[in-house]
Each structure stands twice: as C-alpha cells, then as structure tokens.
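For reference, the structure is listed below as structure tokens.
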Amino acid sequence: MIKREEFILSGSADQRINGDLTYDDQYKNQPTVLFVHGFKGFKDWGAHHLVANEFAERGFRFIKFNLSHNGVTAENPNDVTDMDVFAANTISMEVQDLDTMVNYVSHTYPMSDICLIGHSRGGGLVILQAANDPRISQLVTWSAIAEFNSLWKSEQEEEWENSGRIYVENARTKEKMPLDVTLLKDYKSHEEEFNILRAANHVNIPWLILHGDQDVNVNFNIAQSLAQAKPEARLQKIENANHVYGASHPFNAAQLPAQLQDVCDKTLSFLKENLAHNHKQV
C-alpha cells in the first residue's frame with residue numbers, strides 16, 4: 001500500500017524545510033530518492049505527487065521537500081506567496097538545506113542507498129552535493145542548469161547592486177518576483193565553490209543526464225556541456241519535451257504526461273541497473 005508521511009526540519013536562517021515521504025510498505029530495504037525542485041519551484045508543483053507515487057510503486061522511498069527560502073508556506077503549499085523570504089534566498093542557503101536533507105536521510109535510513117534527483121536549478125545543487133558527498137550512491141539530473149548565474153541576465157547586475165533588488169517574472173502567474181542583492185553577492189563570493197561544471201568533473205558515481213530537446217528555459221546544449229564535463233555520465237534526450245516534460249501547475253490529470261512518464265521510466269531503469277550492479281536489489 002502506498003503511504004505518505006510529512007515532516008518538518010530546521011532550514012537556513014530560521015526557516016523551515018517542509019518535506020514528505022512516499023513509499024509502498026510491501027517493499028523492504030528500499031533505496032531512497034531525494035528530489036530537489038528548481039528555481040520558482042516547490043515540492044507540490046504540478047505532477048510531483050504522481051512522480052512520487054511512480055517511484056514508490058516501483059520499490060523506492062521517494063522524498064521531496066521545499067527548500068527553506070522558496071517562498072512557499074505551510075498555509076499555502078501550492079504557490080510561492082512569501083516574497084520576502086523568496087527575495088532573501090541564496091545559493092549558500094540552498095546548499096545548506098540540501099546537506100541538511102542528506103543528513104536527515106542518512107540518519108533516518110542508515111542502510112539505504114541515497115539517490116539524488118534534481119530539476120533545473122535543483123540539478124545544479126545535486127551536482128555540487130554528489131561531487132563532494134560520499135553518502136550519495138547515484139545522481140540523476142532533469143533539465144539541469146550548468147551555471148547558477150544563468151538564472152538572471154548579466155546586464156541586470158549593475159542595477160541589482162545599485163538598487164539592492166531586481167525582479168523576475170513568474171511565467172505562469174506573470175507576477176514579478178523579487179531577488180535581493182544578497183543572492184548576487186553570495187554567488188560572487190563563492191563563484192569557484194558553486195562552479196557546476198567543475199563539480200561535474202568530480203562526480204564519481206553513476207550519473208544520468210535527462211533533458212528535453214524542446215526546452216526553451218535551459219537549452220539542450222547545456223546538457224551536452226554537462227556530459228562533456230563528465231564523459232562517463234549517460235546523456236539521454238527526451239524527444240519533444242519542454243523544461244517540465246509536459247507537466248503544468250496545477251496538474252489535475254490522473255496520469256503522468258507522456259514525456260514525464262518517459263523521464264521516470266528512464267530514471268528508474270538507470271537506478272535499478274546500478275543497484276543491481278552493486279548487488280543491492282530493490
């Protein structure tokens with residue numbers, strides 16, 4: 001039977017990390033998938049609940065969570081509404097939140113393999129984590145970025161430093177979402193540490209790179225640059241897929257979109273193949 005449990009952890013700067021676990025209690029010794037959402041994303045966006053069920057039905061413990069400064073509140077879990085918290089976010093905070101989550105998983109399920117999946121900016125975060133954390137056994141990136149500063153325009157930086165804040169548009173709601181200059185300063189002060197392509201070269205575990213060939217948010221050539229940074233990684237193109245593989249928010253259908261189903265199938269096949277290679281059965 002599929003079960004779902006919620007949890008709350010302490011995140012960066014006194015903010016909470018709200019998360020949930022989906023699993024099927026018929027399976028024993030389940031490997032754990034830790035899913036990291038992207039910029040302007042959140043754990044309950046779109047079809048993420050169906051993705052969680054898909055992994056649980058096929059023998060994986062699936063954990064998704066809200067990064068502490070993604071602007072989603074417990075009172076309104078289906079949208080970014082706390083713009084002050086969203087504006088105050090930094091890459092350092094997200095890196096710290098992900099490490100907090102890996103600590104939580106490794107202590108709660110000490111015998112479990114930990115597999116990271118990251119979407120978009122979350123893909124950049126999981127690459128950094130996988131390059132530096134021996135607790136991670138497998139890595140999968142969906143539509144991953146290769147540079148954190150690709151999320152804003154370089155010509156905005158002077159205005160950003162002068163005014164202290166810029167705004168990015170939410171493509172779905174058309175709302176102008178604020179970003180404080182602390183994000184830019186944090187990135188620039190940790191530019192080497194947050195170099196995704198350099199981290200990619202130091203990933204020494206099985207890595208699957210999935211990317212849609214119709215992605216207008218993060219072009220497919222970004223996936224190719226990640227694969228060039230780590231030639232041992234496996235790159236697979238998702239035909240006719242956009243940045244979110246056919247999903248949308250809210251998502252009310254009972255079945256996954258075809259491209260997102262393909263992403264789940266390819267991810268699960270990859271994870272099971274490598275678990276079997278390590279003599280660990282799901």
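We're numbering straight along the sequence, starting at 1. Side chains are part of it too, since the values below use all heavy atoms of this structure and drop only hydrogens, waters and symmetry mates.
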### Query
With side chains defined as the heavy atoms from C-beta onward, is the minimum distance between Ser225 and Leu197 less than 4.5 Å?
yes

### Query
Rounded to the nearest 0.5 Å, how far does OH of Tyr167 lie from CZ of Arg165?
5.0 Å

### Message
Using the rule given for side-chain hydrogen bond (donor to acceptor under 3.5 Å, both in side chains), can you reason through Asp99 versus Gln129, listing the C-alpha separation, both sets of side-chain angles and the distance that settles it, and then say yes or no?
### Response
CA-CA 7 Å; Asp99 197 57; Gln129 189 78 25; 3.1 Å; yes

### Query
Can you hop from Leu125 to Ile63 via hydrophobic side chains spaced under 4.5 Å?
yes

#### Entry: Euclidean distance, Asn170 CG relative to Asp79 CG, rounded to 0.5 Å
7.5 Å

### Worked verdict on Phe7 versus Tyr104 for ring pair (Phe, Tyr, Trp, His ring centres under 6.0 Å)
CA-CA 11 Å; Phe7 60 87; Tyr104 170 75; 4.7 Å; yes

### Query
Any luck finding a side-chain donor-acceptor pair between Ser12 and His69 under 3.5 Å?
no

### Query
So among Asn204, Ile117, Val126, which one has a side chain to side chain contact (heavy atoms under 4.5 Å, CB included) with Leu139?
Val126

### Summary
Distance col, row Gln26:CD vs Glu57:CD, nearest 0.5 angstrom, shows 9.5 Å

### Query
Hey, is the main chain of Gln224 close enough, under 3.5 Å, to the side chain of His211 for a donor-acceptor pair?
no

### Task
Please report the C-alpha distance between Asp97 and Ser68 in whole Å, then the side-chain angles of each, then the deciding distance to 0.1 Å, and finally whether the side-chain hydrogen bond (donor to acceptor under 3.5 Å, both in side chains) criterion is met.
CA-CA 7 Å; Asp97 288 344; Ser68 65; 2.7 Å; yes

### Query
Phe270 ring centre to Arg234 NZ or CZ under 6.0 Å, with the angle to the axis within 45°?
no

### Task
Evaluate side-chain hydrogen bond (donor to acceptor under 3.5 Å, both in side chains) for Asn89 paired with Glu94, printing each intermediate quantity in order.
CA-CA 8 Å; Asn89 194 20; Glu94 296 194 338; 2.8 Å; yes

### Query
Do other residues, nucleotides or ligands put more than 12 heavy atoms under 6.0 Å from Asp14 CG?
no

### Task
Carefully, step by step, assess Phe65 and Leu9 under the rule side-chain contact (heavy atoms from CB on, under 4.5 Å).
CA-CA 10 Å; Phe65 66 100; Leu9 303 179; over 6 Å; no

### Message
Would you say the rings of His249 and Phe42 are close, in the sense that their centroids are separated by under 6.0 Å?
### Response
yes

### Query
When rounded to the nearest 0.5 angstrom, what distance separates OG1 in Thr22 from CD in Glu5?
9.5 Å

### Message
Counting only heavy atoms from other residues, nucleotides and ligands, does the tally under 6.0 Å from CD of Glu239 exceed 12?
### Response
yes

### Query
Quick check: are there more than 12 heavy atoms from other residues, nucleotides or ligands sitting under 6.0 Å from CZ of Arg16?
no

### Message
Quick check: do Phe194 and Asn149 have side-chain heavy atoms less than 4.5 Å from each other?
### Response
no

### Message
Could you check whether any side-chain heavy atom of Cys264 comes within less than 4.5 Å of a side-chain heavy atom of Val51, counting everything from C-beta outward?
### Response
yes

### Query
Just checking, any donor-acceptor pair under 3.5 angstrom between side chains of Asn53 and Arg4?
no

Counting only pairs under 3.5 Å, give me each side-chain donor-acceptor contact of residues 255-262, with atom names and distances, residues two or more places apart or in other chains.
{"from": "Gln259", "atom 1": "NE2", "to": "Asn240", "atom 2": "O", "distance (Å)": "3.1"}
{"from": "Gln261", "atom 1": "NE2", "to": "Glu54", "atom 2": "OE2", "distance (Å)": "3.0"}
{"from": "Gln261", "atom 1": "NE2", "to": "Asp265", "atom 2": "OD1", "distance (Å)": "3.0"}
{"from": "Asp262", "atom 1": "OD1", "to": "Lys266", "atom 2": "NZ", "distance (Å)": "2.7"}
{"from": "Asp262", "atom 1": "OD2", "to": "Lys266", "atom 2": "NZ", "distance (Å)": "3.2"}

### Query
Would a 4.5 Å heavy-atom cut-off, applied to side chains only, mark Trp152 and Tyr187 as touching?
yes

### Query
Roughly how far apart are Asp215 CG and Ile222 CD1, rounded to 0.5 Å?
9.5 Å

### Query
Can you check whether Ala229's main-chain N or O pairs, donor with acceptor, with Asn201's side chain at less than 3.5 Å?
yes

